[in-house]
Amino acid sequence: MSETNSSPVASGTGGAPSAEAAAPHRYTAAMAADIEARWQDFWDADGTYEAPNPSGDLAGDADVVARPKKFIMDMFPYPSGAGLHVGHPLGYIATDVYARYQRMTGHNVLHTLGFDAFGLPAEQYAVQTGTHPRVSTEANIENMKIQLRRLGLGHDKRRSFATIDPDYYKWTQWIFLQIFNSWYDESAGKARPIEDLVAQFESGERATPTGRPWSELSAVERADVLGGHRLAYASDAPVNWCPGLGTVLANEEVTADGRSERGNFPVFKANLRQWNMRITAYADRLLDDLDALDWPEAIKLQQRNWIGRSEGARIDFTVDGDDDARITVFTTRPDTLFGATYMVLAPEHDLIDSVLPAEWPEEARGKDAWTGGAATPAEAVAEYRKQAQTKSDVERQTEHKDKTGVFTGAYAVNPVTGTRIPVFVADYVLMGYGTGAIMAVPGQDERDWEFAEAFGLPIVRTVRPPEGWEGEAFTGQGPAINSANDEISLDGLEVAEAKSKITEWLVAKGIGEATINFRLRDWLFSRQRYWGEPFPIVYDEDGVAHALPESMLPLELPEVDDYSPRTFDPDDADTQPETPLSRNAEWVDVELDLGDGVKRYRRETNTMPNWAGSCWYELRYLDPHNADKLVDPEVERYWMGPREGQPHGGVDLYVGGAEHAVLHLLYARFWSKVLYDLGHVSSAEPFHKLFNQGMIQAYVYRDARGFPVPATEAEERDGRFFHGDEPVRRELGKMGKSLKNAVTPDEIAAEYGADTLRLYEMAMGPLDVSRPWDTRAVVGQYRLLQRLWRNVVDETTGEVTVVDGEPDEATLRALHKAIDGVGQDMEAMRFNTAIAKITELNNHLTKTGGPVARSVAERLVLLIAPLAPHIGEELWRRLGHSGSVVHQDFPVADPAYVVDETVTCVVQIKGKVKARLEVSPAIADAELEALAVGDPAVVAALGGAGIRKVIVRAPKLVNIVPA
RNA sequence: GCCGGGUUGGCGGAAUGGCAGACGCUGAUGUCUCAAACACAUCUGUCCGAAAGGGCGUGCGGGUUCGAAUCCCGCACCCGGCACCA
């Protein structure tokens, strides 16, 4: 440390030999490489970016702790085998610049980076390369660390970790157990320990589902009852089964066209016993708390849509001829009840079997569309269900225009019309939404209209469409019609009034009530994969799940010979998942003492999804080595606690791509709320401010067959593109190896230095917008640094050329305007315009010629230091300072110099500029108007016409409206 | 289909009611050099013009305003999200 400290002067230079001879101390790529390597070593040795905690092993300088805190985070990287391209670090550079600026403006800044390393891609890479995922993943992490270090990111490296570290996933498992051992108390509106629920059952305060006393229930029965309340629970339900990947997937991981987001394999519905997280219990809070978050509206909207709150009513229909059977539906349009002419149950609905009559009723005879040609309703339904089940989601999607279904032979009774209405089974009704059953109102619903047309069912309009309506179902607003019986009439009422009137009537009759329904489903949390956190769960001989005690954590992932997933023909729905961990009998079958003596248990062999590790990592950055607690409460409160403007607390700035809008960001919010409810953290939201950076795109050059050719070999001639002599077409796409257009940070840093790369990425455009990479344009930022260097250091002698004394008036104004503008831009993360302002100041100094005043040079170095930290440190040192520039104060503008001495006032006639006046910024309106009207150019332009009106906006503008 | 975001020179972009094109790239010319590269300087939206100067110009059409890239209405196209959600 002391060595780098005492020998700051660069030794090596580079570039063409003659250039070196002419200017041995020019800022070149070779010199940048030397400067950057030295300062990176210095920072590591010095611990420059270490942020002190208020207590614990990372406690530090009390003065720094007393400053306002800023917790600035990136979405941590997934270390792939391909390494980084220049698109990856965009966000990391941005948070680094912002963190450095905050450090220079009096904040205790926590900024670090870990690695998200469990999950499918790492495992697939390992399978492909034939290496163990731990070996390949750790190698990838090491490689990525080297690449990232070269960028000069100011991370507190003491706080870094990977989600695959047993010290880390111990706490992922611990949180899982917290969730497993909790239930959602609706009356309290929060999660509580499961013991509280057991106590309620024991005391009789809460009745068991069957009404039998708790004490009489067997262990298995008790486990079932509690499983119905736990926030993490195993259940048999239709799940997304992906044979091609060999695992089940969460809804969030299945694309709109029914394929796996990763691998693009078909996904099928299958009934499997799987672990789920009861995220639906938090639907309301996840929705409501969005309001106070400083997130892009687009992301908030995506979450709102995903949660999908809709208000409506539950309505019970009786089944004709069966006084006990009820079909309950959810509808957002109870006002259309008079138009319900048939009902539909989802194929998986468990009421179907109990309503099926033995034979077809009269109405169905001879209607093959209704019966599917089957002899009995039971046969017809069985056949339809079989088809529905083996249909992949892809097929359901593509066929969704043609409604299919089959009559059950049963009838329900419309409670307001008293009409018998047929009950169908059809796959356009989904088991997972609402009650899995609908009342079909073809007059007001397009899907019901299509079905009714296909099956020849009656259509009754209950809302009057507008004059001249020629469409089919009318879903808009209008007065109710055909909606009256002896007891109630909705006729003439608008939709909203009709809804509340019919709902009141349903409540009075005891056959319905107003309810709220959510689109959000519980989160499927288990995967049939090796490379994930093992569940800290074992099963006893009765199959009852038991949590491992905290003392047995972490439950380490066992070393196995065969870690590859069992995958299948992607189109074969008739397959069953197999967990890699189940192949390891020694690990699976264990004898444990869970507090009631040594017994035999069988371990859970599923693993957690790759989202688990990223659901809470912000908390572990705070207190990464704590062996006793997830995070120390005092430390957590300091960095995450609620404060002015942040009612739910959270990270001050979280930067990452928008693709996580409903995955990671929703899951992390959910875990955060559970931990908050259980009293482990003070923040109910993980991320107060979210910022989505844009993508760096790249040109893809494709030959006649559509194959990408290497982008570096494509040439432009007369506006067309060629690969050799072959014409190619250019399009804008993602950057990556497969499209042969990847540019790595290493190659740009080698050619220009990391500071140039940082500046270029920040200067390309606004951070939240996607833009194409252009290697040719990088040189612009290189030139900026060369000119900056030359304004401070003599290229021939290496001497510092700055002089003491006052700069001239114009330079002072240029300086303070730059300070003022750059400060505001930094605050608002407008790094592109901040760089433009620094460039202007630097160009001003270059143009002025002669030596630069020390006071100006030093402040220019401070302005650019957050953006280009290596050259910032180097120049700061060469200007005679001993410490690091990192902890200097950011310059403050003198307001007296921020305004120009004179400003150019434009004089317009009808909005067209006709003259310019140099005036004082403080000029009065009347004086300016007199000057403008008297200006010879204005007089000439008016040509003797009178003046109707003069608008004066001193000191910048006068607009004259002629008569 | 629904929802959200966007469209400004040859290119990335700046300007959020007041001089459109800051800053950068590209290109042209010049200085330096035996030469080239680097660097530096000047110019670089478009049309007319030798120039001075002027016309046009922020996807298209309309509107509000003394004044619109910016606000409002309609349309086209591009990007993203959701999509049989009752």
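Rounded to a whole angstrom, the distance from the C1' atom of B/rC56 to that of B/rG21 is 15 Å. For the P atoms, the distance from B/rC19 to B/rG12 is 24 Å, rounded to whole Å. Annotation: B/rC60 and B/rC11 have their C1' atoms spaced 24 Å apart (nearest Å). Taking atom C1' in both B/rC32 and B/rG57, one finds a spacing of 40 Å when rounded to whole Å. Here, B/rA86 and B/rG18 have their P atoms 44 Å apart, quoted to the whole Å. The P atoms of B/rA20 and B/rU58 are separated by 12 Å, rounded to the nearest whole Å. Between B/rU44 and B/rG61, the distance separating the two P atoms is 28 Å to the nearest Å. Comparing the P positions of B/rG13 and B/rU7 gives a spacing of 9 Å, expressed to the nearest Å.
For the pair A/R26 and A/W789, the cation-pi test (distance below 6.0 Å, angle within 45°) is failed. Cation-pi check for A/R730 over A/Y699 is met; the charged atom lies under 6.0 angstrom from the ring centroid and within 45 degrees of its normal.
A straight line from CG of A/L841 to C1' of B/rA22 spans 15 Å, rounded to a whole angstrom. Rounded to an integer number of Å, the gap from CG of A/L663 to P of B/rG81 is 12 Å. For the pair A/R783 CZ and B/rU26 C1', the computed distance is 10 Å after rounding to whole Å. Computed from coordinates, the A/Q697 CD to B/rC78 C1' distance equals 12 Å when rounded to whole Å. A straight line from CD of A/E795 to C1' of B/rC40 spans 11 Å, rounded to a whole angstrom. Across the protein-nucleic acid pair, A/Y433 atom OH and B/rA83 atom P stand 13 Å apart, rounded to whole Å. One can place CG of A/N305 at 11 Å from P of B/rC3, the figure rounded to the nearest angstrom. Straight-line distance from the CZ atom of A/F474 to the C1' atom of B/rG1: 17 Å, rounded to whole Å.
Using a 3.5 Å distance cut-off with no hydrogens or angles, the side chains of A/T28 and A/Y782 do not pair a donor with an acceptor.
Of the candidates B/rU42, B/rA83, B/rG4, B/rU42 carries the atom nearest the A/K847 side chain, counting heavy atoms from C-beta on. Between B/rA22, B/rA39, B/rC84, one nucleotide has an atom nearer to the side chain of A/E840 than all others, and that is B/rA22.
Every residue two or more places apart in sequence or in another chain that forms a ring-ring contact (aromatic ring centres under 6.0 Å, His included) with A/F474 is listed here: A/W469. Take A/K837 and apply the salt bridge (charged side-chain N to carboxylate O under 4.0 Å, His left out) test, not counting sequence neighbours, and it matches A/D825. Shown here are the ring-ring contact (aromatic ring centres under 6.0 Å, His included) partners of A/H816, two or more places apart in sequence or in another chain: A/Y897.
Checked against A/I835 for a side chain to side chain contact (heavy atoms under 4.5 Å, CB included), the options A/V822, A/V97, A/L759 give a single hit: A/L759.
Side-chain N/O atoms of A/K403 and base N/O atoms of B/rC84 include a donor-acceptor pair closer than 3.5 Å.
Positionally, the nearest nucleotide of RNA chain B for A/I835 lies more toward the 5' end than for the other of A/R948 and A/I835. Judged by closest nucleotide on RNA chain B, A/V961 is the one of A/F518 and A/V961 placed further toward the 5' end.
In textbook terms, a nucleotide whose glycosidic angle is within 90° of 0 is syn, and B/rG9 is one such case.
Ring centroids of A/F424 and A/F451 are separated by less than 6.0 Å, placing the two rings close together. The aromatic ring centroids of A/Y752 and A/Y760 lie 6.0 Å or more from each other.
Heavy atoms of A/N517 sit nowhere under 4.0 angstrom from any nucleic acid atom. A/A836 comes within 4.0 angstrom of a base, heavy atoms only.
Legend: ring pair (Phe, Tyr, Trp, His ring centres under 6.0 Å) pairs involving residues 820-844 of chain A, not counting sequence neighbours: none detected.
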Side chain to side chain donor-acceptor pair (under 3.5 Å) between A/T756 and A/Y27, worked out: CA-CA 11 Å; A/T756 295; A/Y27 181 82; 4.7 Å; no

Contact letters for nucleotides 5-20 of chain B, in which S counts primed atoms plus P, OP1 and OP2 and B counts the base, heavy atoms under 4.0 Å: -------SSS---BB-

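At least one side-chain nitrogen or oxygen of A/S310 sits closer than 4.0 Å to the OP1 or OP2 atom of B/rA86.
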Dot-bracket line, read 5' to 3' along RNA chain B, where crossing pairs take [ ] and | marks a partner on another strand, Watson-Crick or G-U under 3.5 Å: (((((((..(((.....[....))).(((((.......))))).((((....))))..(((((..]....))))))))))))....

